[in-house]
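Here is the structure we will look at.
Please read all numbers here as calculations on a predicted model, not as lab measurements. Below, chains carry the letters A, B, ... as their sequence lines are ordered, and counting in each starts from 1.
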Amino acid sequence: MEPAAPLSLEALTGALLEELLLAGSDGHTVLLGCDDQALRAACRRAGASGDPSLLLHGALAGVAPLTLDGGLRGALNALREPPADLVVLCACVLAASRMRADDQHATQAYYARLAELLGLAVHEPWPGVAGFERIPERFARFARWLERDQRGGRGRLALPSNPQPSLVGVPISQVLLRRVDRDRLGVLFDRYQGALRIGRDPLRLLRASSLRHELTAPAQRLLERPEMHEPLRAALLAAYQAWDGTVVDARGRRSRAGAVRLGLSPGRMTLNVSLPGLESAADVHDPDGLALRLPAWPQELTLPAGCLAHAATGPVLLTSPAASGLRVRALPGPLMLFDTAETGFWLTGTAGERPVIVLTCEPGLTGRAWGARRANVPLPAGWALICDVSADELPAELRDPPEEEPTSVGPVSLAGGLPLEAGAWLLDHPPVLVGDLGEPVPVDLVEADGRRRQLGELLDKEPFALDAIAGRAGTQTIEVAGQTFQVELATRGLRAGVGAFAHYPREPRLAFAGAVDTETAATWGPPAGAVCGAAVDGTGDPAWRPPVTVRAQGLVYAIRRDGTVTPHNQGPAPYWARQAGLPPGGPWPIPDPDTVVWACVQSRSYPRVLALRDEPVTLSDDVLDLADRFADAPVIDRGAGEGAPGRWLVLVDAAREEEAALDG
Amino acid sequence: MAEADRRQAAHDALLAWCSELGSGTWEQFKRACAHLRLGGPTSVARVLSVLGHVEFDWRARRFACAPATLTTIQGMPGRFLVCGQRPLGHLEGLRLAAEHAGVDIDVAREPAHQFGAGPGTVIIDADPVEAAEFAQLAGLRFAPDVACAIVDELPAVSLETAGEPTAPDERFPGCPVDPDTLIDRWDAPASNGGYIDGLWAWRTLRRQRAVYLRREGQWWHLPVGEYGPYLTTRPKDAPDLLDHDRANRILIVDGRAPLPELHARAAVLCSGRLPLPQPYAPGFRLDHYVNVPAEIAEAIITNLTEASP
């Protein structure tokens, strides 16, 4: 254990208060929610470095010795009134947040976690930490302190009226997500990575997914409490941000999810694994003990054919020979979906708008009559590769959450707006409510603190516009006629499939087909000369050289290599540019720029000479006159090289010599 | 809000939505147009396509945004057009990219108004020497002189290449298209000898107006119906469908014979401006494509007029 600089109890108490119970949370239901991340943040806030658990232990031990027989009694006797005992309460909640099954303890072993945090052995007899029987009352006093002394400004602490178990149920109820929940959320994060990466509401995704049943009972109960949705959403976001990319499978094995690309050609299928973030190649073994080398990202490893058969019984892992080495989940299990992306077919969690390819050995799917969609490729017995499977042919569990938040069937529904993917709409363009109710019914917005605000009334068959929430990013809860709708307004979509279609005018069979997808085009070649939007690909570099431009409102004299001097100005803006509202000015070209060596910009405020080429100039009278006029102007290099000022000086000197000769 | 302003905001929102979605189905696009009250989705789709923002695969009934691209404006070397995907915050992103790159780039505060006809035009002022570098830093493709590049790709047009030898489904109604006025003549009298040669419009389940050409008794389906007026035989005294005002750099197109998609895109990308409709009689108009230089206009006109029999 690394030694930690001591942190006083008072300092830690203040930091925890600010970290966990923000001022300005009037009316909000809050939980103490002290987990490792929150404790770390609080210690940082207090300016302390070192192991946060040790700092907490040190702060408590500094108040009263922590002994096996004394347990928490000493600290509780010394810290009689809230908020002085906040550190004690946070230690109890922190222990609850660490509950998960490991080599030493079962998930339910709360006292073991608390004793470990306090540096004690588990106390016999019950409770497992001496003095713990006083903890529920301390929580209740702390809740009253928040309500009265703090006037509710830091929120209202939610405590269970009938905690189960009676003692440990209280600190457990303060934890939003226990470690076992966070472990199980890895599957959710893995499945919805794309949506979460662009800021989708993790709470909405969790509530719509059957994965919520994998969470512990206390976490599932939180999902049913609207007043806890805001803190739970924050906890899910924090958990996602802290997610290390690993997934814990049903056997408790933790692994990093690999990216899997399906390679498919007539009569042949490959599964190709890569690991995002892998910076150097790693030696691994497959389930058959074969030694393989997983290359650095984004290179791929083609899995041996024998790996697929192992996926019938669960995830297939590639493991490093070292005991604590790399463990990569190469294949997730007996059912895999592959979706089209720009670079091929990639493993995905759910099927959405586009048909997917299914690789499975589940009899419920393999037993169906897929006809020509069942690919003819070598596979282990019982496996099938099925192409063009739409979401509605798959179990609901494998479909993207529906566009509308699933609610009980009712007379009101959402329609219109500018929907992104499931359940989200573009900011400023929410859906409308439509119903057939026969009478006006109120439409309520349920705010984060549980308060309701009526937005208006839904009239018979007349769409109700949700303009009141149009500009509010995030998930909004609307209640009408006993139905609840979750509407997420977002500023970002998946942005998938950009550039998927192009015109191929050079291919006679596609020239008049309009835009087609690259797959269709590939059947003819692939042909060159793809026109996609404002670009033409596959035709080589364009024969365009950047012209010489100047930004000048006034006259520009171009000195050409043959000694001629030509005046130029911008000229009037074309009418269409004026109509388009383009501001006058801007860069404009000098005609015949290939012969121009110097450009002298006539400006009252900023006369200047632009050096365009490192070439000699015939010293005509016009050139010398101009050099004389711009003798003191700054010389700006526009591609002529470093010696431009010197070369201009030569012209100026020549002009002065000429003048002197004439005067003489 | 004036109707033009409302439509302008709606077009910009539609492009932002297409850009955020990335790609989608025709049904999704239709619903979005309905929500934004932009009218016929087919014409809205054409606007997005000719401006180089979105591609539509009509057979698959899907759309996909084109990648964001920086291209040149004909005759304005210091100004560049931004086409393709335009998600929310795109302009701000371009400004930040310019600041970060330390190049002399001016990004327009707001897209230039299209007066409700389409999404606004985003133009940046830049030194041409620095444009390619800026495009790379800002994550844009750089495609200078794309209008010329597109006309170079235009395929030679003939009935055999542009048409499919397919007869229309007689279970659905169809009418001849007047070769002079190019108006669908549902009121045309029945022809004793059956169908006459010429251009026909058919109303089918999948398409509201499928275009067929009958020549020497042979039926041809034109998947790109815009080629119809240029492939059919027209009266000798019928006015030209295409003209070019060289002095003012305007490509003039008869509104009854809109340019095919790629031809229109080449013309529009000369300026980034949609054609200006110039009505001259009830139901008749000329479309003015501005800033089209002679070489591009002549290439377009030649490509289509050579198709005429």
Side-chain angles (χ1 to χ4, degrees), chain A residues 353 416-421 426-429 431-432 490-503 505-506 508 511-517 520 529 531-536 539 542-549 551 574-577 579-582 585-589 638-639, chain B residues 13 16-17 19-25 31-32 34-35 52-53 55-60 64-67 69 71-72 77-79 81 83-85 87-89 112-113 121 123 125 127-129 131 141 143-146 149-150 153-155 161-162 223-224 227 261-262 269 271 273 290-291:
Chain A
E353 291 273 351
L418 291 181
L420 298 172
E421 79 295 344
L426 191 67
L427 189 68
D428 292 330
H429 296 275
V432 297
T491 57
R492 200 197 191 290
L494 281 174
R495 303 182 185 176
V498 174
F501 302 144
H503 300 256
R506 287 194 191 182
F512 300 92
V516 297
D517 61 277
T520 300
V531 180
C532 180
V536 181
T539 56
W544 177 85
R545 285 171 47 217
V548 175
T549 60
R551 278 184 191 270
Y575 84 91
W576 70 265
Q579 189 208 36
L582 293 182
W588 52 275
R638 290 285 300 274
Chain B
W17 172 76
S19 301
E20 291 296 346
L21 208 59
S23 60
T25 65
R31 286 196 293 267
H35 162 73
H53 294 312
E55 295 286 4
F56 291 83
D57 182 339
W58 296 110
R59 288 173 193 251
C65 256
T69 307
T71 185
T72 52
R79 288 199 153 126
L81 197 58
C83 304
Q85 189 187 19
L88 294 177
H113 220 279
T121 313
I123 292 178
D125 286 359
D127 185 338
V129 174
R141 294 186 306 181
D145 220 7
V146 69
I150 292 177
E153 295 296 313
L154 294 178
T161 55
V224 182
Y227 285 108
E261 201 172 347
L262 284 187
L269 291 181
S271 64
R273 308 298 290 170
V290 299
N291 198 44

Measuring only between side-chain heavy atoms, which start at C-beta, is [X] closer than 4.5 Å to [Y]?
X	Y	answer
T549(A)	R79(B)	no
W576(A)	R273(B)	yes
E261(B)	H503(A)	yes
C532(A)	P67(B)	yes
W588(A)	P77(B)	no
L154(B)	P505(A)	no
R492(A)	P87(B)	no

Please report the shortest heavy-atom distance between [X] and [Y], naming the atom on each side.
X	Y	answer
T491(A)	L88(B)	O-CD1, 3.6 Å
F512(A)	P155(B)	CZ-CG, 3.8 Å
H35(B)	G417(A)	ND1-N, 3.3 Å
V536(A)	A149(B)	CG2-CB, 3.8 Å
S19(B)	R495(A)	O-CG, 3.5 Å
G497(A)	A64(B)	O-CB, 3.4 Å

Any donor-acceptor N/O pair, S23(B) side chain to A496(A) backbone, under 3.5 Å:
yes
Under the 3.5 angstrom rule, does the side chain of E55(B) hit a backbone N or O of G499(A) as a donor-acceptor pair?
no
Chain A heavy atoms under 4.5 Å from [X]: which part of the residue, side chain, backbone, both or neither?
X	answer
A34(B)	neither
S271(B)	both
L81(B)	neither
I123(B)	side chain

Interatomic spacing from [atom1] in [X] to [atom2] in [Y] - rounded to 0.5 Å:
X	Y	atom1	atom2	result
E20(B)	L494(A)	CD	CG	9.5 Å
T72(B)	W544(A)	OG1	CH2	6.5 Å
F56(B)	F501(A)	CZ	CZ	10.0 Å
L21(B)	L426(A)	CG	CG	9.5 Å

Taking every non-hydrogen pair under 4.5 Å, which of A502(A), P546(A), A577(A) racks up the most with chain B?
P546(A)
May I ask you to say whether R545(A) pairs ionically with D145(B), meaning some side-chain N is under 4.0 Å from a carboxylate O?
no
Please flag which part of D428(A) lies under 4.5 Å from any non-hydrogen atom of chain B: side chain, backbone, both or neither.
neither
